[in-house]
Amino acid sequence: GESLVRWLHPKFGMIPPFKFITVLEKNNYITRLDYYVWEKTCQLLRYLKDKNGSVLPISVNVSRVNFYTTNLVSNLLKLVEKYNLEPKDLQLEITETVYTEEKQVIYSIISELQEAGFKILMDDFGSGYSSLNMLKDICSDVLKIDREFLRETENAVRSRDILEEIIRLSNRMNMTVITEGVETREQVDMLTDMGCRVFQGYYFSKPIPIHEFEDKYNVVQVN
């Protein structure tokens with residue numbers, strides 16, 4: 001699972017994050033929103049763990065601002081300790097563009113998080129400034145390939161070829177690969193043939209509220 005944020009406005013209804021996240025990043029309020037989502041996710045993980053005896057990990061997004069304005073490692077460790085969880089229960093998604101900033105600072109903090117037991121997911125790989133050269137340097141446990149590779153374009157064949165090479169190289173480096181934006185059975189079959197084993201997208205589920213997630217979670221646990 002992945003924790004996603006939406007703004008349920010009393011007048012305008014459900015507002016998607018791209019309409020308000022950039023504002024929160026500019027005024028640094030994004031760190032407060034991040035922490036709120038992290039804590040809500042820890043509460044859910046604790047509830048599921050108490051109910052089922054074990055828990056599947058849930059990932060949360062970590063804004064770039066947290067790397068420069070908060071004690072990120074300490075805050076996350078305190079949260080998992082507060083809810084008697086293990087760091088591996090709460091996986092951390094860091095968008096690809098963060099890795100292109102002050103590498104010494106970013107990579108050092110990521111290494112601390114990994115040493116503490118957190119799994120790091122590079123989100124949206126291929127959406128911005130990434131290159132195959134980046135794969136040799138990134139300190140990430142999981143690579144999440146951006147949905148753009150699955151969109152129909154004039155260069156669909158070329159996109160699939162690049163996608164296959166990224167999956168192949170990641171597997172050789174023992175990195176788990178998740179492909180985002182999977183919407184059809186045909187895409188699942190194609191990606192499986194390429195060597196991808198984990199998928200995310202509307203074929204499996206659209207973003208859903210917690211009570212619906214728990215219903216799906218219970219089915220997964222049983223199976």
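Every value quoted in this text rests on a predicted model; they were computed, and no experiment measured them.
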About how many Å separate CE of Met194 and CD of Glu165, when rounded to the nearest 0.5 Å? 10.0 Å
Kindly indicate whether the side chain of Phe149, heavy atoms from C-beta on, has any atom under 4.5 Å from the side chain of Ile166. yes
Atom pair CD1/CG of Ile167 and Leu143 - distance to nearest 0.5 Å: 9.5 Å
CG of Leu72 to CD1 of Ile94: how many Å apart, nearest 0.5 Å? 7.5 Å
Under the ring-ring contact (aromatic ring centres under 6.0 Å, His included) test, residues paired with Phe18 that sit two or more places apart: none
Please check if atom CZ in Arg6 has more than 12 non-hydrogen atoms from other residues, nucleotides or ligands closer than 6.0 Å. yes
Are Thr31 and Thr69 close enough that a side-chain donor and a side-chain acceptor fall under 3.5 Å? no
Check: residues 196-206 side-chain donor-acceptor pairs under 3.5 Å, at least two apart:
{"residue": "Arg197", "atom": "NH1", "partner": "Thr192", "partner atom": "O", "Å": "2.9"}
{"residue": "Gln200", "atom": "OE1", "partner": "Lys144", "partner atom": "NZ", "Å": "2.8"}
{"residue": "Gln200", "atom": "NE2", "partner": "Glu2", "partner atom": "OE1", "Å": "2.7"}

Answer yes or no: is there a donor N or O on one side and an acceptor on the other, between the side chain of Asp89 and the main chain of Glu86, under 3.5 Å? yes
May I ask you to decide if Asp161's main-chain N or O and Glu164's side chain share a donor-acceptor pair within less than 3.5 Å? no
Residues at least two apart in sequence or cross-chain that pass side chain to side chain contact (heavy atoms under 4.5 Å, CB included) with Lys51, listed by chain then number, are Tyr47, Glu214, Asn218
Looking at Ile210, I want to see if its CD1 is surrounded by more than 12 non-hydrogen atoms of other residues, nucleotides or ligands under 6.0 Å. no
By side chain to side chain contact (heavy atoms under 4.5 Å, CB included), which residues pair with Asn84, not counting sequence neighbours? Arg46
Could you pull out all residues at least two apart from Phe20 that satisfy ring-ring contact (aromatic ring centres under 6.0 Å, His included)? Trp7
Side chain to side chain, Val142 and Val177, heavy atoms closer than 4.5 Å: no
Below 3.5 Å, can you tabulate the donor-acceptor pairs from side chains in residues 109-121 to any protein atom, sequence neighbours excluded?
{"residue": "Ser111", "atom": "OG", "partner": "Tyr107", "partner atom": "O", "Å": "3.0"}
{"residue": "Gln114", "atom": "NE2", "partner": "Cys139", "partner atom": "O", "Å": "3.2"}
{"residue": "Gln114", "atom": "NE2", "partner": "Asp141", "partner atom": "OD2", "Å": "3.3"}

Salt bridge check, Arg64 against Glu25: does any charged N sit closer than 4.0 Å to a carboxylate O? no
Any side-chain heavy atom of Asp124 sitting closer than 4.5 Å to one from Glu180? yes
Under 3.5 Å, is there a donor-acceptor pair between the Asn61 and Asp34 side chains? no
Before accepting this row, confirm whether a basic side-chain N of the pair Glu81/Lys78 lies closer than 4.0 Å to the acidic partner's carboxylate O. no
Can any side-chain N or O of Asp146 pair as donor or acceptor with the backbone N or O of Glu148 at less than 3.5 Å? yes
Quick check: do Leu169 and Met175 have side-chain heavy atoms less than 4.5 Å from each other? no
Would you mind reporting whether Leu79 and Asn75 have side-chain heavy atoms less than 4.5 Å apart? no
Measure the shortest side-chain to side-chain distance between Val98 and Ile106 over non-hydrogen atoms and say whether it is less than 4.5 angstrom. yes
May I ask you to test the Tyr68-Val105 pair for a side-chain heavy-atom distance under 4.5 Å? yes
